[in-house]
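Before any comments, here is the structure.
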Amino acid sequence: YAQIGHGGRSATAGTLNDGIADFSGAINVTTVNGGDLFVRGTQLTGQAVADGRYASGQLGHGGTSARGDSSGILTLQIAGRTQVQGGTLLDTVITRAQNYGQIGHGGFDGDGAHSGAISLQTTGDIEIRAGLSRESYAQIGHGGMNDNVGNNTGNITLFTGTGSVRLIGGNGPGGGEHATSMVGHGGINATGSHSGDITVTSGNEVTLLEGGRDVTFKLIGHGGRDADGDHSGSIRVTAQNNIRLVGGINDYSYAQVGHGGDTSDGNFTADLIEVISNTGRIDVIGGVAGTTGSDGRNGYAQIGLGGNL
């Protein structure tokens, strides 16, 4: 794995959810002269790679299967573009799983309470692209898939000067399920109460698109699939041009601006959910079944709290 932050795979420190940060400290990243930021799971490709499991990329404290509470403000000033991307290994076997990309504390199965504001300002695009292999999610926010001990808190602010903000669900082959794209705290099976205002401001477009495998949703909000808990905070999404939420072609490949997600139980609250396109249109389009075996059930599109079931 590659990581900027304290912890690491299977790191253990302190007592979970006790109000004392075990991994702590602010993280500041700045680029100049058009420099880009890439936070990616493994970018190797092909079936010949024997085992690419846990080859993640993370900017934040924690890590895969880390145990500990984390805190610290993340401030990122990027002169170019930013890409957060899950791994690209083709996944016909489980050994190529969990190649996530994340800006935030936590990680895959990274239990604990995680806190701290996240601020990402770029000149170019911000792209949060899910990977091709199983559970290779892409996320800006605390938590992560199976982070199920503790609450995640902190405001999240994304700003692009002239670029777009793109969330792209996973489009891997058979075995590429649970490759999600998210701006918010939580993730699949990330139980606990997640809170903080989310503000996304784009100088071009904001899009939540694609999702060709089961459970490849795109979400701006706290929660995820089976992410039970009380999730709260205002959400503001503003784009100079178009805003598009389009469900995918397979099961649970929904697109949503709002807290919750499918089969997530709890109390979801927001003083405000505001979605504004200054000069373009706003499209909210449910998913359409694709080829044989791509039935598109629960590929909904929604602006609001809650979700399917």
Side-chain angles (χ1 to χ4, degrees), residues 1-5 7-11 23 27 37-45 49 51-67 70 74 82-91 93-112 114 118 120 126-148 152 156 166-172 175-190 194 210-211 213-219 222-227 253 261:
Y1 64 88
Q3 182 174 352
I4 298 175
R9 184 185 169 193
S10 300
F23 307 117
I27 299 175
L37 172 66
F38 299 114
V39 181
R40 296 167 166 169
T42 180
Q43 299 299 293
L44 294 173
T45 58
V49 179
D51 189 348
R53 199 173 187 184
Y54 307 128
S56 60
Q58 184 170 349
L59 200 162
H61 306 316
T64 299
S65 300
R67 300 289 182 267
S70 303
L74 279 63
T82 294
Q83 184 183 64
V84 182
Q85 183 176 355
T88 58
L89 280 175
L90 300 179
D91 181 30
V93 291
I94 194 65
T95 55
R96 299 183 181 93
Q98 296 108 36
N99 299 316
Y100 66 87
Q102 183 172 351
I103 294 176
H105 307 316
F108 180 88
D109 192 33
D111 290 346
H114 311 304
I118 300 173
L120 169 59
I126 297 174
E127 182 175 271
I128 305 102
R129 177 183 287 271
L132 301 181
S133 57
R134 184 177 178 87
E135 298 162 351
S136 293
Y137 65 86
Q139 181 174 354
I140 298 178
H142 305 316
M145 184 175 178
N146 294 341
D147 169 31
N148 52 21
N152 298 302
I156 300 173
R166 295 191 291 266
L167 283 75
I168 302 169
N171 289 295
E177 296 84 2
H178 303 97
T180 61
S181 174
M182 181 174 175
V183 175
H185 306 316
I188 296 173
N189 298 326
H194 312 316
E210 303 187 35
R213 304 303 306 172
D214 289 351
V215 197
T216 52
F217 62 77
K218 298 82 59 181
L219 175 65
H222 306 313
R225 186 168 196 239
D226 293 324
S253 55

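Because the structure is a prediction, the values reported are computed rather than measured.
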So, does [X] use its side chain to make a donor-acceptor pair with the main chain of [Y] at under 3.5 Å?
{"X": "H105", "Y": "H142", "result": "no"}
{"X": "T88", "Y": "Q43", "result": "yes"}
{"X": "E135", "Y": "Y100", "result": "no"}
{"X": "R213", "Y": "G211", "result": "no"}
{"X": "Q102", "Y": "Y137", "result": "no"}

Applying side-chain contact (heavy atoms from CB on, under 4.5 Å), can you list everything that pairs with [X], at least two apart in sequence or on another chain?
{"X": "N189", "value": "N146, D226"}
{"X": "L167", "value": "I128, V165, S181, V183, L208, K218, I220"}
{"X": "Q3", "value": "Y1, Q58"}

4.5 Å side-chain heavy-atom contact, [X] and [Y]:
{"X": "I156", "Y": "H185", "value": "yes"}
{"X": "Q85", "Y": "N99", "value": "no"}
{"X": "D111", "Y": "D147", "value": "yes"}

Partners meeting ring-ring contact (aromatic ring centres under 6.0 Å, His included) with H194 (sequence neighbours left out):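 Checked H194 against ring-ring contact (aromatic ring centres under 6.0 Å, His included); matches are H231.
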Worked check of side-chain contact (heavy atoms from CB on, under 4.5 Å) between T180 and L219: CA-CA 8 Å; T180 61; L219 175 65; over 6 Å; no
Taking all atoms of both residues into account, what is the closest heavy-atom pair of [X] and [Y], and its distance?
{"X": "G187", "Y": "A227", "value": "O-CB, 3.5 Å"}
{"X": "A138", "Y": "G86", "value": "CB-N, 4.1 Å"}
{"X": "F23", "Y": "R67", "value": "CE1-O, 4.1 Å"}
{"X": "H178", "Y": "T216", "value": "N-CG2, 4.5 Å"}
{"X": "S136", "Y": "A179", "value": "O-CB, 3.9 Å"}
{"X": "A130", "Y": "G169", "value": "CB-C, 3.8 Å"}

Sequence neighbours left out, what passes salt bridge (charged side-chain N to carboxylate O under 4.0 Å, His left out) with R40? Give chain and number order.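 Per chain and number, R40 pairs via salt bridge (charged side-chain N to carboxylate O under 4.0 Å, His left out) with no residue.
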According to salt bridge (charged side-chain N to carboxylate O under 4.0 Å, His left out), who are the partners of E127, at least two apart in sequence or on a separate chain?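 By the salt bridge (charged side-chain N to carboxylate O under 4.0 Å, His left out) rule, E127 matches R129, R166.
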CD1 on I126 to CG on L37, rounded to 0.5 Å: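 Nearest 0.5 Å value for the CG-CD1 distance: 10.0 Å.
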M145 side, atom CE; I188 side, atom CD1 - distance, nearest 0.5 Å: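 Those atoms lie 4.5 Å apart.
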Determine whether I140 and T82 satisfy the following criterion, side-chain contact (heavy atoms from CB on, under 4.5 Å), listing intermediate values before the conclusion. CA-CA 11 Å; I140 298 178; T82 294; 5.7 Å; no
